[in-house]
Amino acid sequence: MSSVARAPGRVNLIGDHTDYTGGLVFPMAIDRDTTITFSRSSDVTLTSGNFNGEVRFSLPMRDAASVRPEWGRYVAGVAAAMLERSMPVSGFTGHVATEVPIGGGLSSSAALEVAAALAFGIEADAATIAAVCRRAEHLATDVPCGIMDQLTSVAGVKDHALLIDCHSLDVTPIRIPESLAVWVVEISTRTLDGSEYPTRVAQCATAEREVGPLRLADVHSVSAISDATIRARARHVVTENERVREFAAALQVGDAREAGRLMYASHRSLSADFETSTTTMDAAVETYSRLPGVHGVRMTGGGFGGCIVVLADDDAHVEGMRVRAADGASLDTPLS
Ligand code: GLA
């Protein structure tokens, strides 16, 4: 009898490039899942309807980066990260299928990691599962990602976005008004592997050596940073944290206009100060902003391609993929 591990992708409404400095983010898990249907075995064998090739490795797993085909690194990374924490890792033979567009900025890799953790039999609270899966991504690809994607995939709440403090890991679900809809438009596929993402993480660390934790800094304190590029990166982070707070407050009172204004400001900051947008994404934000019923548009996720997110009236039509806020990961095990 097979079990099914299910983990959703995510879209971030606002708060990008803030998680790895312990800042604020405001994502939601989406109604697009990755599932692993599996039965227990001593090692790991995984086929896929969406990815090429078959992944096979034995346990214990210590060298995730060398596993091929490449998508298997994320699965192996989870086994390796669980081993680092001395968690028991159970093998499986399974099949993975996903509805999350791959490399589209909707956290297809986090969804795969979280589904794999459940299939390996992880038993821990949401923050620990997310931390293991974040570590898996580091082991698999060397991309020093934050915790937003994995924590959202684990802790998602239907009909709610999540206000996450990435320092305390407090998750506060905030209901998305029924009068509003969230759309995602894929601009280009890409992976953060090989992108400038690690450079941005390093630039924020440089800023923190000069002014202390960015999550505690304000616009005034970062204006003293001597290097213009580092100063701009830090300015994005502190203003973005503030926008997340204001966005959550706006959504709670149903002020779509203010929420939209903050999304545009976030996009401009990511484009000008953080330089993670592209000319195609900037143009798409501009185009979609003119559609009737649209309140706000911005790039979402790591950037350098990926997708834009659109906040619109429920009855507005947007050319793209409508997503609904969904519950986080789950495991269905047959009664034995
Ligand atoms: C990627 C990373 C996240 C986060 C975003 C940017 O999705 O995996 O940890 O840093 O980029 O907000």
Side-chain angles (χ1 to χ4, degrees), residues 7-30 73-74 77-78 81 100-114 127 129-156 161-167 169 171 184 186-205 214-215 233 236-241 243-244 247 263 266-267 269-271 273-278 281 298-309:
R10 67 96 186 92
V11 65
N12 191 20
L13 297 179
I14 196 162
D16 272 311
H17 289 278
T18 49
D19 62 348
Y20 47 81
T21 47
L24 302 176
V25 295
F26 200 73
M28 63 187 220
I30 59 174
R73 295 175 302 167
Y74 299 101
V78 176
V100 185
I102 296 160
L106 298 177
S107 295
S108 49
S109 59
L112 179 57
E113 288 149 8
V114 172
I129 296 175
V132 165
C133 292
R134 174 191 186 191
R135 174 72 180 145
E137 181 113 7
H138 296 185
L139 292 171
T141 66
D142 246 4
V143 175
C145 67
I147 201 163
M148 167 172 69
D149 306 348
Q150 292 83 3
L151 187 50
T152 309
S153 184
V154 179
L162 309 178
L163 174 59
I164 303 176
D165 178 327
C166 296
H167 180 67
L169 299 184
V171 178
V184 168
E186 209 175 310
I187 304 298
S188 62
T189 54
R190 56 91 179 101
T191 139
L192 292 179
D193 205 356
S195 77
E196 277 189 44
Y197 185 96
T199 312
R200 296 298 181 276
V201 174
Q203 288 167 332
C204 288
L214 288 176
R215 69 189 165 81
R233 305 295 190 244
H236 164 72
V237 175
V238 299
T239 57
E240 186 79 346
N241 282 332
R243 283 186 289 270
V244 173
F247 187 93
M263 289 174 78
S266 167
H267 183 81
S269 178
L270 283 160
S271 181
D273 277 351
F274 220 70
E275 294 183 277
T276 47
S277 185
T278 62
M281 292 176 105
R298 58 186 287 281
M299 61 147 277
T300 179
F304 310 107
C307 54
I308 58 170
V309 59

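Every number for a ligand or one of its atoms is a count from 1 in the order of the listing. This chain uses plain numbering: 1 for the first residue, then up along the sequence. Only a predicted model underlies this, so the values are computations on that prediction, with no experimental measurement involved.
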Would you be so kind as to tabulate the donor-acceptor pairs closer than 3.5 Å made by side chains of residues 142-149, with sequence neighbours excluded?
{"unit_1": "Asp149", "atom_1": "OD1", "unit_2": "Arg10", "atom_2": "NE", "d": "2.9"}
{"unit_1": "Asp149", "atom_1": "OD1", "unit_2": "Arg10", "atom_2": "NH2", "d": "3.1"}
{"unit_1": "Asp149", "atom_1": "OD2", "unit_2": "Ser107", "atom_2": "OG", "d": "3.3"}

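A distance limit of 4.0 angstrom between heavy atoms and ligand 1 selects the residues Arg10, Asp16, His17, Asp19, Tyr20, Cys145, Gly146, Met148, Asp149, Leu192, Tyr197, Gly301, Gly302.
Using a distance-only test at 3.5 Å, with no hydrogens or angles considered, no donor-acceptor pair links the side chain of Arg134 to the main chain of Leu151.
Counting heavy atoms from C-beta outward, Leu192 and Glu137 have side chains that stay 4.5 Å or more apart. Phe304 has its side chain within reach of Arg200: a pair of non-hydrogen atoms, C-beta onward, lies under 4.5 Å apart.
Taking the charged nitrogens against the carboxylate oxygens, Glu240 and Arg298 do have a contact shorter than 4.0 Å, which makes a salt bridge.
Atoms OG1 and CG, on Thr152 and Asp19 in that order, are 9.0 Å from each other to the nearest 0.5 Å.
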